[in-house]
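So the structure is just underneath, and the comments pick up after that.
When a residue number appears, it is its place in the shown sequence, counting from 1. This one's a predicted model, so the numbers in the text were calculated from it and none came from an experiment.
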Amino acid sequence: MSPKILIIGACGQIGSELTLNLREKYGENQVIASDIREGDETLMASGPFEILDATNTSALEDVILHYDIDQVYLMAAMLSATAEKFPMKGWQLNMNTLFNVLNLAKDQKIKQIFWPSSIAVFGPSTPKENTPQQTIMEPSTVYGISKQTGERWCEYYHKRYGVDVRSIRYPGLISYKTQPGGGTTDYAIEIFHEALKHKKYTCFLKENTALPMMYMDDAIKATIQIMSAPIEQIKIRSSYNLSAISLTPKKLSEAIKKHLPEFEIDYKPDFRQAIADSWPASIDDSPAKQDWNWKHQFDLEQITEKMIEGLTPKVSIDYDY
Ligand code: SER
């Protein structure tokens, strides 16, 4: 039987695509989208929607009980760059929503949780290349501290209360359907918008700053795959490393130039450079491969093509015969 699903943060960069994918897989009425504000037309027209502030414990519980929810995907969070500006707000949003959902599972009001972690759990003392699943983790950003702490709590709730919480450490995610907000890896999206609009981009990171990145379709596939995997395959209850490509602004700009030869990039690093410098350049995701058969599909060339195609306005021609 199809699970009844609640998506928190359904209007965000990941949530919006995840909602549509899960509705396709399980049926539109099985998936309740929720956010603190309404989303775009496609999302709003695709199935049930609730305005919900997931830091509000009783409002969240009301929605869970009203729809008889089995699974929660908690996609609401304040990302790295914004959380540096509003540390307490970032911490509270990221942690309170997680505790609310973990406690609902502990009290057996829901059966399964997906909670995203991030490469931000790593810090300046972590080995940068092929960062292993288990290694030194001393995150130096508010966002990273909240994700690292969240991972510890997920594992704790699993061990102590048997909560079925599953998690992935997403790399930077590249997508065109919904704009991201407040991430350090988001230059890799802005660059496409600016390349198509103005043929030039001023990057807030230095040209050789390497970060792990992934196309959104791969991230959605991984999310649905880990949630559908048989329970005995999920051996890590903090969060799984997940990897696709390692990218620098320079490499990405060269890939874009192959499609748009007149494109130009220059560099004006800001406070986000320090955040990027504290994160890995590439990730070793062998446990995800071994435990639940993870494999990414999209490489840099394919991502570039998809982004340019997706962001190029479609001209509709009316033929008169
Ligand atoms: N993409 C996120 C950020 O840049 C990292 O998980 O904040």
Neighbour count above 12 (heavy atom, 6.0 Å) for E232 CD: yes

Ionic contact status for D285 with K289, cut-off 4.0 Å: yes

ILVMFWY network linking V101 to L93, side-chain heavy atoms under 4.5 angstrom: no

Linked hydrophobic residues, M1 as query - side chain contacts closer than 4.5 Å: none

Whether K221 side chain and K295 backbone form a donor-acceptor pair below 3.5 Å: yes

CA sep, side-chain torsions, deciding dist, call: S80, T141, side-chain hydrogen bond (donor to acceptor under 3.5 Å, both in side chains): CA-CA 7 Å; S80 60; T141 62; over 6 Å; no

Under 3.5 Å donor-acceptor pairs involving side-chain atoms of residues 5-22, not counting sequence neighbours:
{"residue": "Q13", "atom": "NE2", "partner": "L173", "partner atom": "O", "Å": "3.0"}
{"residue": "Q13", "atom": "NE2", "partner": "S175", "partner atom": "OG", "Å": "3.1"}
{"residue": "S16", "atom": "OG", "partner": "G12", "partner atom": "O", "Å": "2.8"}
{"residue": "S16", "atom": "OG", "partner": "T178", "partner atom": "OG1", "Å": "2.7"}
{"residue": "T19", "atom": "OG1", "partner": "G15", "partner atom": "O", "Å": "2.7"}
{"residue": "N21", "atom": "ND2", "partner": "E17", "partner atom": "O", "Å": "2.9"}

side-chain hydrogen bond (donor to acceptor under 3.5 Å, both in side chains) between T223 and Y170, intermediate numbers included: CA-CA 10 Å; T223 307; Y170 288 129; 2.7 Å; yes

Expected output: side-chain D186 to main-chain I189 donor-acceptor under 3.5 Å: no

Over 12 foreign heavy atoms within 6.0 Å of CD, E24: no

Pair E138, S125: side-chain N/O donor-acceptor within cut-off below 3.5 Å: yes

Side chain to side chain contact (heavy atoms under 4.5 Å, CB included) between I64 and V72, worked out: CA-CA 9 Å; I64 300 273; V72 173; 3.7 Å; yes

Aromatic contact, W292 with Y240 (centres under 6.0 Å): yes

Of all pairs that satisfy side-chain hydrogen bond (donor to acceptor under 3.5 Å, both in side chains), the ones with a partner from residues 255-278, not counting sequence neighbours: T202-D266, T209-Q273, D270-R272, Q273-D277

Test item: K251 side-chain N/O and S246 main-chain N/O as donor-acceptor pair under 3.5 Å: yes

N96 and T55: side chain donor to acceptor below 3.5 Å: no

Pi-cation contact, F263 with K199 (under 6.0 Å, within 45°): no

Working for side chain to side chain contact (heavy atoms under 4.5 Å, CB included), residues K25 and S228: CA-CA 11 Å; K25 184 173 162 75; S228 319; 4.1 Å; yes

Salt bridge flag under 4.0 Å for residues D164 and R237: yes

Audit row: H193, L311, side chain to side chain contact (heavy atoms under 4.5 Å, CB included) steps and yes/no: CA-CA 7 Å; H193 286 266; L311 289 174; 3.6 Å; yes

Pairing of K109 and E61 as salt bridge, 4.0 angstrom limit: yes

Gap between atom OG of S140 and atom CD of E84 - 0.5 Å precision: 8.0 Å

Qualifying residue, where the test is side-chain hydrogen bond (donor to acceptor under 3.5 Å, both in side chains) with Y156 and the options are H158, K159, R160, R152: R160

Whether N29 side chain and P48 backbone form a donor-acceptor pair below 3.5 Å: no

Expected output: side-chain D35 to main-chain E38 donor-acceptor under 3.5 Å: no

Donor-acceptor under 3.5 Å (R169 side chain, I119 main chain): no

Hydrophobic cluster membership, I283 vs V121, 4.5 Å side-chain cutoff: yes

Side chain E207, main chain P249, donor-acceptor under 3.5 Å: no

K111 NZ: over 12 foreign heavy atoms closer than 6.0 Å: no

Verify same cluster id: L300, L211 (apolar side-chain graph, 4.5 Å): yes

Under 3.5 Å donor-acceptor, K200 side chain and E194 backbone: no

Electrostatic pair K4-D68, nearest N-O below 4.0 angstrom: no

Shared hydrophobic cluster, M216 / M75 (ILVMFWY, side-chain heavy atoms < 4.5 Å): yes

F192 with F204, same ILVMFWY side-chain cluster at under 4.5 Å: yes

Heavy-atom donor-acceptor pair, N241 side chain to D284 backbone, under 3.5 Å: yes

D299 side chain vs I245 backbone, donor-acceptor pair below 3.5 Å: no

